[in-house]
**Student:** 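Mind looking over this structure? Questions follow.
Each chain gets a letter, A, B and so on, in the order its sequence line appears, and its residues count up from 1. Note that the coordinates shown come from a computational prediction; the quantities given were computed from them, not determined experimentally.
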Amino acid sequence: MTNKSEKIVSAKYVRNRTIGAFAVFFLLIAATIAGWRWLNHQPEDNSVPRPLRAVLNGNEKLFSNFIYSPGNISKTYPIYYAAPKVRVNGDDGLGDDFDAAAWKLQVVKSPGDTLFITLDEIKAMPKTDIIFDFKCIEGWSQVTHWGGVKFSDFVKKYNLSGQSDMQYVGLNTPDKKYYVGIDTKSILHPQTILCYEMNGKPLPMNQGYPLRLIIPVKYGIKHLKRIGTIFFSNSRPKDYWYEKGYDYYSGL
Amino acid sequence: MKRIVQKHPLAIRWFHWINFPVLAVMIWSGLLIYWANDVYRVGWGNTTVLKFFPDSFNKALNIPFRLAEGMSFHFVFMWLFAINGLLYVCYLFFSGEWKLIFPNKKSLKESWQVVLHDLHIRKGLPSQKKYNAAQRVAYTSVIIMGLGSLITGLAIYKPVQFKRLCAMLGGYEWARIEHFTLTILFTLFFVVHIVQVLLAGWNNFRSMVTGFDVIGDLPKMQATEEKSTEEPPSV
């Protein structure tokens, strides 16, 4: 076997090249460790080191602007796939002191101009059912059946087209203890519903009675239970899990 | 005097040593994510042979309750893993180095002989170029596994936008299982790789840093002659 790159060299040459290469190698290891430490000690932006947060926000721009399409529909299933026992995960914002009889959905059109909408008014609109694979950010998923009003229909009916030109929609629970912000493109997705039924029956309390959000293009953390207020904004509304270090977009 | 030969191109050494910490971060952050829904096990019915992962393992590695952190690292370092991997594959193609790594007709049969040899069951190795047949199979598999991790990862990350891809992989939950399985295979590869590197010795390890392999000593006398035509001793 002969090789073009074969060379005959002194032992000293071998030693020097070895020392040289390993010096660079160890320097790079040291730089990697230093870089890792630096990264983990950066000031945090909503519980995430800033450089990481910057990339996550970049991921949002990339996927929101170039990959997301309202034509990409979450897979739907026949009704017999729907789980009879729907997993309950989290009760933030579902305090016991909730007065169901007095509940009205508040939609802030502009400061000082708020709509108050009753459940009956919402139920009077055309109903949409969806059976899809609900995905929790923890990694589990479950095929579940929900019914309600398409958010896009709701926007038309209440003349919110001006508001929905804004970039974000914010939702709060009545006690304001749980809150999410969602990019308007995703909330206008044809599968997003203001949901008042689960498995054909009124929402149970622990699933956000009387009205919750179902938004199949997002992880469960964005499917706010028991909507109190909806508002529109060009800056990101506050978001409960975002503050705790999760991705703001959380899109699927 | 020593006879040396260039073994690993500089580019490959960079790709290799960048990949090592990046893949480590991907696996670590993946563990943080997996913990939040750690449902996989080896077993049947109510019998579990191996739980992924035992509590002691999670505790020892400080894994519990770090889902958000895991996701932020995973979805940042995925870019480094993908870019480094794609550049590596491009480099293999444009440099022709792929001919030394991809298995050829004889590789499957020969790789078995290599395994038997390494287990001290068989004597003698089939002739080889840069890599023996088992290495060709392993190093090519690991490239395919990397690609598989990217594809299954993308399907879990954006299952609605990449709905067809997700369906091709058997759906969301299967894609997650596949992604997880590939990670286990990566760690198994890593263990075998480390053992083989330790067994192969210093000269082999050095070549992954310096790029050259020392293929033999020359007697003092010969060194003063022009250039030896003698065949290098086989390694």
Side-chain angles (χ1 to χ4, degrees), chain A residues 1-11 13-15 17-22 24-25 28-29 32-33 35-36 39 47-49 51-56 58-59 63 67-69 72-75 132-133 135-141 189 191 216-218 241 244-247 250-252, chain B residues 1-7 13-14 17-18 20-21 25 33-39 66-69 71-73 75-79 127 129 156-163 166-167 171-173 176 206 208-212 214-218 222-223 225-229 231-232 234:
Chain A
M1 185 172 85
T2 50
N3 194 315
K4 270 181 288 177
S5 65
E6 191 180 313
K7 275 197 285 192
I8 293 166
V9 294
S10 67
Y13 174 88
V14 170
R15 199 178 61 230
R17 259 191 73 182
T18 302
I19 291 171
F22 272 87
V24 174
F25 186 62
L28 286 169
I29 292 175
T32 304
I33 293 170
W36 180 252
L39 182 57
S47 311
V48 176
L52 297 181
R53 186 58 92 184
V55 178
L56 296 181
N59 290 350
F63 283 98
I67 309 286
Y68 172 85
S69 157
N72 290 338
I73 298 291
S74 188
K75 189 184 174 189
F132 78 106
D133 192 25
K135 296 173 188 72
C136 178
I137 202 160
E138 292 171 357
W140 54 267
S141 69
H189 186 276
Q191 291 179 307
V217 292
K218 299 285 185 192
W241 290 107
K244 295 184 172 12
Y246 288 85
D247 180 29
S250 290
L252 295 168
Chain B
M1 299 299 277
K2 305 252 183 205
R3 196 199 294 258
I4 64 169
V5 63
Q6 188 63 26
K7 187 177 179 191
R13 282 176 276 148
W14 273 96
W17 289 115
I18 289 173
F20 175 54
V25 171
I33 296 170
Y34 170 73
W35 174 86
N37 184 38
D38 58 344
V39 290
R66 295 173 77 182
L67 169 62
E69 191 183 357
M71 292 181 93
S72 15
F73 278 97
F75 299 137
V76 171
F77 279 78
M78 67 178 184
W79 294 113
S127 70
K129 288 192 177 164
I156 313 168
Y157 184 44
K158 301 289 169 192
V160 179
Q161 307 312 319
F162 298 99
K163 189 177 159 188
C166 194
Y172 183 70
E173 306 222 332
R176 190 174 186 261
R206 174 174 59 187
M208 203 61 216
V209 176
T210 63
F212 65 80
V214 176
I215 54 178
D217 282 311
L218 291 175
Q222 233 178 355
E225 289 169 18
E226 271 287 289
K227 195 181 174 188
S228 168
T229 51
E231 287 290 303
S234 58

**Student:** With only heavy atoms counted, which part of B:Trp35 is less than 4.5 Å from chain A, the side chain, the backbone, both or neither?
**Tutor:**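 Interface part for B:Trp35: neither.
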**Student:** Would you say the side-chain atoms of B:Gln161 and A:Asn72 include a donor-acceptor pair closer than 3.5 Å?
**Tutor:** yes
**Student:** NZ of A:Lys135 to OG of A:Ser74: how many Å apart, nearest 0.5 Å?
**Tutor:**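 Rounded to the nearest 0.5 Å, the NZ-OG separation comes to 4.5 Å.
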**Student:** Is B:Arg206 in contact with chain A via its backbone, its side chain, both, or neither, using a 4.5 Å heavy-atom distance?
**Tutor:** both
**Student:** With a 4.5 angstrom heavy-atom cut-off, which part of B:Tyr172 approaches chain A: side chain, backbone, both or neither?
**Tutor:**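 Answer is side chain: those atoms of B:Tyr172 sit under 4.5 Å from chain A.
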**Student:** Under 4.5 Å from any heavy atom of chain B, what part of A:Val14 do you find: side chain, backbone, both or neither?
**Tutor:**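 When you check distances to chain B, atoms from both the backbone and side chain of A:Val14 fall under 4.5 Å.
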**Student:** Between A:Pro51 and chain B, which part of the residue has a heavy atom less than 4.5 Å away: side chain, backbone, both or neither?
**Tutor:**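 Neither; nothing under 4.5 Å.
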**Student:** Is it true that a side-chain atom of A:Lys244 and a backbone atom of A:Ser47 form a donor plus acceptor pair closer than 3.5 Å?
**Tutor:** no
**Student:** Go through the atoms of B:Met78 and report whether side chain, backbone, both or neither lie under 4.5 Å from a heavy atom of chain A.
**Tutor:** side chain
**Student:** Could you have a look at B:Val76, B:Asp38, B:Val25 and say which one has the most heavy-atom pairs with chain A under 4.5 angstrom?
**Tutor:** B:Val76
**Student:** Would you give the length of the straight line joining atom CZ of A:Phe22 to atom CG of A:Leu28, rounded to the nearest 0.5 angstrom?
**Tutor:** 12.5 Å
**Student:** Roughly how far, to the nearest 0.5 Å, is the CD1 atom of B:Ile4 from the CD1 atom of B:Ile215?
**Tutor:** 9.0 Å
**Student:** Contact part of A:Asp247 toward chain B, heavy-atom cut-off under 4.5 Å: side chain, backbone, both or neither?
**Tutor:**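 The answer is neither part of A:Asp247.
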**Student:** Please confirm whether the backbone N or O of B:Met208 pairs with a side-chain atom of B:Trp17, one donor and one acceptor, at under 3.5 Å?
**Tutor:** yes
**Student:** Under 4.5 Å heavy-atom distance to chain B, tell me which part of A:Leu39 shows up: side chain, backbone, both or neither.
**Tutor:** side chain
**Student:** Is it the backbone or the side chain of B:Glu173 that comes under 4.5 Å from a heavy atom of chain A, or both, or neither?
**Tutor:** side chain
**Student:** Does A:Glu6 offer a backbone N or O that forms a donor-acceptor pair with the side chain of B:Arg3 under 3.5 Å?
**Tutor:** no
**Student:** Identify which part of B:Phe77 has an atom lying under 4.5 Å from any heavy atom of chain A, answering side chain, backbone, both or neither.
**Tutor:**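 For B:Phe77, the side chain is the part near chain A, not the backbone.
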**Student:** Can you tell me how far apart OH (A:Tyr246) and CG (A:Leu56) are? Round to the nearest 0.5 Å.
**Tutor:** 13.0 Å
**Student:** Heavy-atom cut-off 4.5 Å, strictly under: side chain, backbone, both or neither for A:Trp241 against chain B?
**Tutor:**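 For A:Trp241, no heavy atom lies under 4.5 Å from chain B.
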**Student:** Tell me the closest heavy-atom pair linking A:Gly245 and B:Ser72, and the distance in Å.
**Tutor:** O-OG, 4.2 Å
**Student:** Which one of A:Ile73, A:Ile29, A:Val217 has the most heavy-atom pairs closer than 4.5 Å to chain B?
**Tutor:** A:Ile73
**Student:** Can you tell which part of B:Lys163 gets under 4.5 Å to a heavy atom of chain A, answering side chain, backbone, both or neither?
**Tutor:** side chain
